[in-house]
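Convention: sequence-line order gives letters A, B, ...; per-chain numbering from 1.
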Amino acid sequence: MSIKEKYNSKEKIVKYAKNLLIELNEQDIEILIYELNEVIDGLNDFYKIDSSKLDSIDYIYDNVNNFRKDIIEECENKEEILSKSKSWNGKYIKV
Amino acid sequence: MEKKIDSFKKIINNNKNLNFFISEIDFKKIDINKNGILGNYCYVIKDNISLKDFVTTGGSNFLKNYISPYNATIINLLNEAGAIPLLKTNLDEFGLGGTGTFSFNGNVVNPLDNKRITGGSSSGSAVAVALKSCDFALGTDTGDSIRKPASFMGVIGYKPTYGLISRYGVLPYAPSFDHVGLFSRSIDVIQLVMSVIAKKDFKDFSSIESNINFIQENINNEIKVGIMEDLMEDLNKDVLDLFNDSIKKIENIEIKKFSFGKELINLIPSVYKIISYSEAVSCYQNMTGITFGENLGGKNFEEIAIKNRSSLFGQELKRRFIIGSFCTSEDNYEELFLKSKKIRKLIINRANEIFKYCDFIISVGSSDIAPLLEDIKNKKYNDKNADYYLQVANFGGFPSITLPMGKINKMPIGINIMGKLKSDGELLGFAKKIINYLKCESDHV
């Protein structure tokens, strides 16, 4: 099955909407199929990129996680990480 | 100050038909005679930023009566500096939209040409500044939501380095892309406001320490400017000519031409959609109407949640959530979401590579003037490479500013500058220099 066929499924869209506790009307479903196909079409170029180039990419540390990286690097042990994390609005940051 | 407020209020009242704000600030609830570095400045607030004891709707039916119990950090900082809030401005629902047409409160009308869109999602804030109804406006920018409407409205729109302005108390769209930023008609005002609001906030775990000097007056050394040839090649001739003429007017710059890479540019829209929609659906999973927001009722949790989420979320939001859910489901997570994160990193790496050879990258603020509403509705308008490129600043958290560049068919269009991480001081200084050379004031309405 091609990627496009895989996503071009009314049943799947309804299923995912249901998981999100959202009911859709027929017009919504039509628009969603169109938009999903647009996103998937845009991904065709993914496959032109050498996969070995992608394998080595450290994708974890984006904008948000860079901060966590700093905390983790400056702390010596898990307890210290948790104690520093606690100071943020009284909430733990998952590490 | 009261005189100034009265004159702003007059403009606001005369332009109510533009639907650019959701609510007015009741001055009985705030002190308008405060001293401070911003004691003589009035501002407006995009309505996804919390203001204590006032309604914060996020542009959504879901929160149309939600009264914020606390201030966003940025509001506290502005309060302490004496700035006076005037309005909560209209926006695309929770920032998920780029047209100004996805608010529960109706479309924001473009004051320059009512048949054209304003751009979004910070539509109302851009219009407020274009109308001269405030000194500056708060907006948020997840893809281009400040810089694109700034281009369409002929005003300055600035998105700082990721983490410089706290997002505590700001309704999210996609946390790894979300930034708070500013609109104004003056770089001086933006510099001053940034010196007040760029503070590390322990309530926002992505907030960073700022040792930046935002008020840099004299950027006299020669500046190396990168121009991406592959962003320019699909622009209309009018836009390209205006851009080239503008660049020629800027003195003391060394222009270096690069190719960003077609292969990467083509991937930007899909990577943006997959990551931002996935993060958005995760952010709004808890919005059921049971603990806060509107509640249409029902017999049990499932019935209440389905009723509320199906009826109260707008169509665009629902569509984006479902695509996000699709991309993060077990079947597709690796193929779509993780791969997108890797491509995002490739795109950031490419931008950093270019920054080794230049101080700033200059492009257009939008590929064209504000499109017609009818063309948007009929899907006759397509973004171009230069539009996608604006999202690179969100991918990597780079500071980026759109300035008025000139007019085409009497409609404004902007020029955009993107800088290295934390180069905000130099970026604003360079922006000031460009404005002086282009002599293009934000004076369109």
Side-chain angles (χ1 to χ4, degrees), chain A residues 3 6-7 9 12-25 27-29 31-51 53-68 70-71 84-85 87-94, chain B residues 162-163 168 175-178 202-208 262-264 266-271 273-275 277 281 285 288 302 305-311 313 315 318-327 329 331-332 335-336 338-346 348-349 394-397:
Chain A
I3 295 189
K6 187 174 158 190
Y7 295 104
S9 147
K12 280 206 168 187
I13 286 174
V14 173
K15 185 185 125 192
Y16 282 103
K18 212 172 170 188
N19 285 345
L20 290 175
L21 300 170
I22 290 172
E23 278 170 355
L24 295 171
N25 59 36
Q27 196 197 353
D28 281 341
I29 294 169
I31 296 170
L32 261 168
I33 289 174
Y34 173 85
E35 287 191 1
L36 261 174
N37 280 330
E38 220 174 42
V39 175
I40 302 307
D41 277 344
L43 288 181
N44 285 335
D45 283 4
F46 268 8
Y47 304 96
K48 290 182 193 159
I49 290 182
D50 181 2
S51 65
K53 217 168 158 185
L54 288 183
D55 289 343
S56 60
I57 295 228
D58 173 8
Y59 60 88
I60 299 292
Y61 297 114
D62 58 19
N63 288 333
V64 171
N65 288 339
N66 262 332
F67 182 81
R68 293 180 199 177
D70 291 347
I71 301 178
K84 280 208 169 189
S85 306
S87 63
W88 274 268
N89 201 21
K91 288 177 186 168
Y92 287 98
I93 293 171
K94 228 177 178 182
Chain B
Y162 185 83
Y168 179 72
S176 81
F177 291 155
D178 287 345
F202 288 100
K203 291 176 181 166
D204 174 358
F205 76 90
S206 61
S207 168
I208 57 170
K262 265 286 182 60
E263 197 183 42
L264 289 177
N266 291 342
L267 289 167
I268 293 173
S270 287
V271 168
K273 284 177 186 168
I274 289 171
I275 297 178
Y277 297 0
V281 70
Q285 272 305 62
T288 55
E302 202 174 339
I306 290 176
K307 207 183 214 181
N308 289 339
R309 289 169 69 86
S310 305
S311 312
F313 283 143
Q315 300 300 328
K318 285 192 271 187
R319 289 200 285 268
R320 290 189 183 201
F321 283 174
I322 289 161
I323 294 174
S325 170
F326 227 104
C327 298
S329 68
D331 295 347
N332 313 319
E335 192 171 18
L336 297 178
L338 284 192
K339 212 157 194 175
S340 292
K341 288 191 72 151
K342 289 183 175 190
I343 306 280
R344 170 187 184 172
K345 200 61 186 269
L346 273 186
I348 296 169
N349 289 349
N394 300 77
F395 284 11

Kindly compute the distance separating [atom1] ([X]) from [atom2] ([Y]), expressed to the nearest 0.5 Å.
{"X": "A:Lys15", "Y": "B:Ser325", "atom1": "NZ", "atom2": "OG", "result": "9.0 Å"}
{"X": "B:Ile322", "Y": "A:Ile31", "atom1": "CD1", "atom2": "CD1", "result": "11.5 Å"}
{"X": "A:Glu23", "Y": "B:Arg309", "atom1": "CD", "atom2": "CZ", "result": "12.0 Å"}

Closest contact, heavy atoms only, A:Leu21 versus B:Ser310: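 Taking every non-hydrogen atom into account, O-OG, 4.0 Å.
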Heavy-atom pair of closest approach, residues A:Tyr16 and B:Asn332: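 Where A:Tyr16 meets B:Asn332 most closely, the heavy atoms are OH-ND2, 3.8 Å.
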B:Glu302 CD: over 12 foreign heavy atoms closer than 6.0 Å: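 No, the 6.0 Å shell around CD holds no more than 12 heavy atoms from other groups.
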Heavy-atom proximity to chain A below 4.5 Å, by part of B:Ser311: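 Neither; nothing under 4.5 Å.
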Candidate list A:Leu24, A:Ile22, A:Leu32, test side-chain contact (heavy atoms from CB on, under 4.5 Å), partner B:Arg319, passing option: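 By the side-chain contact (heavy atoms from CB on, under 4.5 Å) criterion, B:Arg319 pairs with just one of A:Leu24, A:Ile22, A:Leu32: A:Leu32.
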Residue, of B:Ile274, B:Leu267, B:Val281, that accumulates the most heavy atom pairs under 4.5 Å with chain A: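 Among the listed options, the one with the most contacts to chain A is B:Leu267.
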